[in-house]
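Remarks on the structure that follows.
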Amino acid sequence: MSACVPARADSARTKHVHPPHSPPPHGPRRFRVAGADVSAAIAVFLIALPLSLGIALATGAPLQAGLVAAAVGGIVAGRIGGCPLQVSGPAAGLTVVTADLIQHYGWRTTCAITVFAGIAQLGLGCLRVARSALAVSPAIVHGMLAGIGVTIAVAQLHIVLGGTPQSSVPDNLVALPAQLANLHPADLAVSVLTLTLLLLWPRIPGRAGQALGKLPAALIAVAGATAVAALTGLRLPKVDLPSWSSHALASLPDGPVLGLVAAVLTTTLVCSVQSLLGAVAVDKLVAARPSLTGRVKRSDLDRELLGQGAANIVSGSLGGLPIAGVAVRSSANVAAGAVSRNSTMLHGVLVVIAALLMVPALELIPLASLAALVMAVGLKMVSLNHIRTVTRHREVLVYAVTTCGVVFLGVLEGVALGIAVAVGVALHRLTRTRITHDETEGVHHVHVRGQLTFLAVPRLSRVLHQVPHGADAVVELDGSFMDHAAYETLQDWQKTHTAQGGSVDITGRRPGTRISEPAEEDGCRCRPWTPWRNHQCERPPTAPPRGTAGRSATDGSPAGNLGTSTGPNTPGTRDATGARGATGGSSAPDGPTGHELARGISAFHRNTGPLMRRELARLAREGQQPSQLFLTCADSRVVTSMITSSGPGDLFVVRNVGNFVPLPGERSGDDSVAAAIEYAVDVLKVRSITVCGHSGCGAMQALLAAEPGGARTPLQRWLRHGLPSLERALPDVDVDGNEQEQKRGAGRARPRLAGRGAADTAERLCLANVVQQLEHLRAHDSVARALGAGDLELHGMYFHVGEAQSYLLSEDAEGSVFELVRETNLTA
């Protein structure tokens, strides 16, 4: 009987028999937790335990509710949520909301509100609207958190002093003088000790500090204060954990319907926004750890909402606090080395164990110590970094109004007030347009700063009519938006002004700003990467000289088209200073080229610089660490960063005429290229070198057209490095022009493109040149050593300019082949 035939043909297990040549299965896969996840879970647990009790104390809820929320947040949200390394639980940002709910509706109804908020989160997650929550202005979010932090700190200050907090910030501020006059020294001493340990523990210097710093400061602060209170016999209010048998669970909500709906919406909003922003922040922390690349996926925000909703349903049903993603625990989880969601879940299991087995130890903690801990957390929520950020972006008004609204009115009212102010500020910016008019050397300049909408049309029309009839005018648009009303106003005035003998140039901050209809008919479509003159927006060479635009139709010139600028880069148009570039391709020293250089730099400073400043600052600190050397031609059409989708610090680029790599040696070598290769390989430790040729290469055409024995100019002397490529591409012609079989070229297949033949001899030479320069690379000592050690790879590339397609070199049985890079060939 064949070994491949089962003993019983009707056996239901026949289909599971492994193939005859494959190894036998290893049995069921066992659940394993990485050691890094275990250590991270312990670190997060040590932080979560005191904070959960402190937040429960601050809200006025049963202290067990904080432990229930911490356990459920770790296990349920950790398992279902879309951000694997985010730790969820009772959050300080929910303290004010929860305390207000408990005061108005009682604890059991608050639990029911938490359940309904979880159901609302499930609905939002199913509707896949998580990204919409990120549309809320960061100034509003930071202001809300700052307001909550102030409220927490003021309330907990009363417990630190040995008293009882009031229901609102104004009441707490009013009662503070009396509390200071009647403070309790024991409570104050324990609180000061807690804050001192919390502040100084991370700052212990030396190796001892590095070792001790691994223990959470929050745990050390509470444990130290508890130990001192126990050893000195201080009589203080302490944690009281009633029996779990008397733990209060959720009940049916009792209260006005509108009030309950508002409470559910408020809880849903705060929980969702804080969790989603936390998930985005965790993604940034994960991206900063290269070891997690590919192991931890980016957050699925919709799934994160589902996980938070499920956790709130379970927590509310079991008598726990509302749950959200917690920034402190999440950052500690990432910093401790967590690699999967197992760390978050395991921390929840540890909280359950502590809640069941560590009750006697927890009941030794003084309430003043927990209050000091929570007060410190509240103060940290007022971030100076956030204040600097909103000030830099001119949103400090939104931040301040939201903060004050949360402090004095409530969370929902404060957020609503912040949104209203943010909308007002946005409308103000949209309608704030500055339009000025001045005259320089007979040229009238109209400057428009800001967004050009219908609200600015009256001012625009008034200023435009200040330009005299028949005068030369320049309209400078410095804004990113123009609506239809403003467009028609500017277009109508332009037609009228040119018909009356004047000339109009329209310039804009965005290249290719076009106003008149005739300019659209010529088919020009400027692009963001063409702010210079080398594109198809140029005025015809028959354009009349300065001052004749639109003055007379007897010269045969189309008066309606003249005087219309197609962009700041058009020859023959005025620049911002009123000077015209020369018509017909030549330019005066003060022509548009120099102006466009300054304009391009200014645009970088205004638009791209702020976005790149942080990354460039990091590169400036760390130095360049490129992954590859990219050697290509000096041709202006080959933009290396664009065709490779690379950014600053990615490529070490060497460019020369013909993308040549001269052979090493005193006679034929070139120290410039050789030095760049040696520096890239030996100093920068690049992992690959790419030689990139391109279609329509002028160096290759010059090689083909060169006459033997001609004058040796610097360019011709440089092109001698391409003679071996010429022999490879045309083995039947030697470099002296004689028809004979060359020994160097015989027997070598010509490089080719996969799928089609070379378009002409020049393209064939371009392909051969890439292959030949790769051979020259191997002759360099630094490259040979790196190749021998397996630390370096060489790649050939051909870029077809007209098709905007790239081909990579590969070897097959027929020789060197350049294959088109397709999207389906790329791996994620």
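Quantities reported herein were computed from a predicted structural model and do not represent experimental measurements.
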Q) What's the shortest heavy-atom distance between Ala58 and Ala99, and which atoms? A) O-CB, 4.3 Å
Q. Rounded to the nearest 0.5 Å, how far does CZ of Phe45 lie from CG of Asn333?
A. 14.5 Å
Q) Leu145 versus Val382: any side-chain heavy-atom pair under 4.5 Å? A) no
Q) Between the main-chain N or O of Pro165 and the side-chain N or O of Asn172, is there a donor-acceptor pair closer than 3.5 Å? A) no
Q.
Side chains of Val398 and Val390, heavy atoms from C-beta outward: is any pair under 4.5 Å?
A. no
(Q) Considering only residues two or more places apart or on different chains, which pairs with a residue in residues 258-269 satisfy side-chain hydrogen bond (donor to acceptor under 3.5 Å, both in side chains)? (A) none
Q) Within the distance-only criterion (no hydrogens, no angle test), does the side chain of Asp37 pair as donor or acceptor with the backbone N or O of Val339 below 3.5 angstrom? A) yes
Q | Residues His158, Thr164; criterion side-chain contact (heavy atoms from CB on, under 4.5 Å); working and verdict | A | CA-CA 6 Å; His158 283 270; Thr164 303; over 6 Å; no
(Q) Tell me which pairs pass side-chain hydrogen bond (donor to acceptor under 3.5 Å, both in side chains) where either residue lies in residues 177-192, with sequence neighbours left out. (A) none
(Q) I need the Ile365 CD1 to Thr194 OG1 distance, nearest 0.5 Å. (A) 10.0 Å
Q: Check whether the side chains of Gln308 and Ser88 place a donor and an acceptor atom closer than 3.5 Å, and report yes or no.
A: yes
Q.
Rounded at 0.5 Å granularity, tell me how far CD1 in Ile220 sits from CD1 in Ile204.
A. 8.5 Å
(Q) Counting C-beta onward and ignoring hydrogens, is there a side-chain heavy-atom pair between Val87 and Val326 closer than 4.5 Å? (A) no
Q. Taking Trp201 for the side chain and Leu219 for the main chain, is one N or O donor matched with an acceptor at less than 3.5 Å?
A. no
(Q) Looking at every heavy atom in both Leu198 and Ala376, which two are closest together, and how far apart are they? (A) CD2-CB, 3.5 Å
Q.
Atom CG of residue position Leu357 - does it have more than 12 heavy atoms of other residues, nucleotides or ligands inside 6.0 Å?
A. yes
Q: Quick one: which residue pairs count as a side-chain hydrogen bond (donor to acceptor under 3.5 Å, both in side chains) with a foot in residues 348-367, not counting sequence neighbours?
A: none
**Q.** Beyond-backbone contact of Thr196 with Val192, side-chain heavy atoms, under 4.5 angstrom
**A.** yes
Q | Closest heavy-atom pair and its distance - His347, Gly74 | A | CE1-CA, 3.7 Å
Q. Do you know which two heavy atoms are closest between Leu373 and Pro50, and how far apart they sit?
A. CD2-CB, 3.9 Å
Q: Sequence neighbours left out, what pairs pass side-chain hydrogen bond (donor to acceptor under 3.5 Å, both in side chains) with at least one residue falling in residues 105-120?
A: none
Q) How would you list all residue pairs meeting salt bridge (Lys or Arg N to Asp or Glu O under 4.0 Å) that involve residues 218-241, not counting sequence neighbours? A) none
Q) Any idea which heavy atoms bring Asp283 and Ser299 closest together, and the distance? A) OD1-OG, 2.9 Å
Q. Do Ile140 and Val415 touch side chain to side chain, with heavy atoms closer than 4.5 Å?
A. yes
Q.
How close do Ala225 and Val190 get, counting heavy atoms only, and between which atoms?
A. CB-CG1, 3.9 Å
Q: Using modelled atom types only, decide if a donor and an acceptor are shared between the side chain of Ser383 and the backbone of Lys380 within a distance under 3.5 Å.
A: no
Q: If a pair satisfies ring pair (Phe, Tyr, Trp, His ring centres under 6.0 Å) and one of its residues is in residues 348-387, list it, with sequence neighbours excluded.
A: His142-His386
Q: Would you confirm whether Ser39, through its side chain, and Ala36, through its main-chain N or O, come within 3.5 Å as a donor-acceptor pair?
A: yes
Q. From Ile159 CD1 over to Leu57 CG, what is the distance, rounded to the nearest 0.5 angstrom?
A. 4.5 Å
Q) Does the side chain of Thr95 pick up a donor-acceptor pair with the side chain of Thr59 at under 3.5 Å? A) no
(Q) More than 12 heavy atoms of other residues, nucleotides or ligands under 6.0 Å from CZ of Arg303: yes or no? (A) yes
Q | Straight-line distance of Leu236 CG to Ser369 OG, nearest 0.5 Å | A | 10.0 Å
(Q) Please check this pair: side chain of Ser315 against backbone of Ala311, looking for a donor-acceptor N/O pair closer than 3.5 Å. (A) no
Q: Could you tell me which residues satisfy side chain to side chain contact (heavy atoms under 4.5 Å, CB included) with Ala355, sequence neighbours excluded, listed by chain and number?
A: Leu67, Trp244
Q) More than 12 foreign heavy atoms under 6.0 Å from CG of Leu356: is that the case here? A) yes
Q. So do Gln156 and Leu370 actually touch side chain to side chain, heavy atoms under 4.5 Å?
A. no
Q: Please step through side-chain contact (heavy atoms from CB on, under 4.5 Å) for the pair Leu94 and Leu321, ending with a clear verdict.
A: CA-CA 9 Å; Leu94 296 166; Leu321 292 171; over 6 Å; no
Q) Roughly how far, to the nearest 0.5 Å, is CD1 of Ile80 from CE of Met345? A) 9.5 Å
Q | Set of side-chain hydrogen bond (donor to acceptor under 3.5 Å, both in side chains) partners for Asp302, sequence neighbours left out | A | none
Q.
Are the side chains of Leu51 and Arg329 in contact, using a 4.5 Å heavy-atom criterion?
A. yes
Q: Please list, chain by chain and in numerical order, all residues satisfying side-chain hydrogen bond (donor to acceptor under 3.5 Å, both in side chains) with Thr403, sequence neighbours excluded.
A: none
(Q) Ala332: which residues meet the side chain to side chain contact (heavy atoms under 4.5 Å, CB included) condition with it, sequence neighbours left out? (A) Ile47
Q) Do Cys271 and Pro322 come within less than 4.5 Å of each other through their side chains, counting heavy atoms only? A) yes
Q: Please list, chain by chain and in numerical order, all residues satisfying side-chain hydrogen bond (donor to acceptor under 3.5 Å, both in side chains) with Asp300, sequence neighbours excluded.
A: none
Q: Before giving the answer on side-chain contact (heavy atoms from CB on, under 4.5 Å), spell out for Val96 and Asp100 the whole-Å C-alpha distance, their side-chain angles and the decisive distance to 0.1 Å.
A: CA-CA 6 Å; Val96 176; Asp100 187 61; 5.5 Å; no
Q: Could you pull out all residues at least two apart from Gln86 that satisfy side-chain hydrogen bond (donor to acceptor under 3.5 Å, both in side chains)?
A: Glu304
(Q) Pair Asn312, Gln121 - check side-chain contact (heavy atoms from CB on, under 4.5 Å), show working. (A) CA-CA 9 Å; Asn312 274 312; Gln121 285 181 303; 2.7 Å; yes
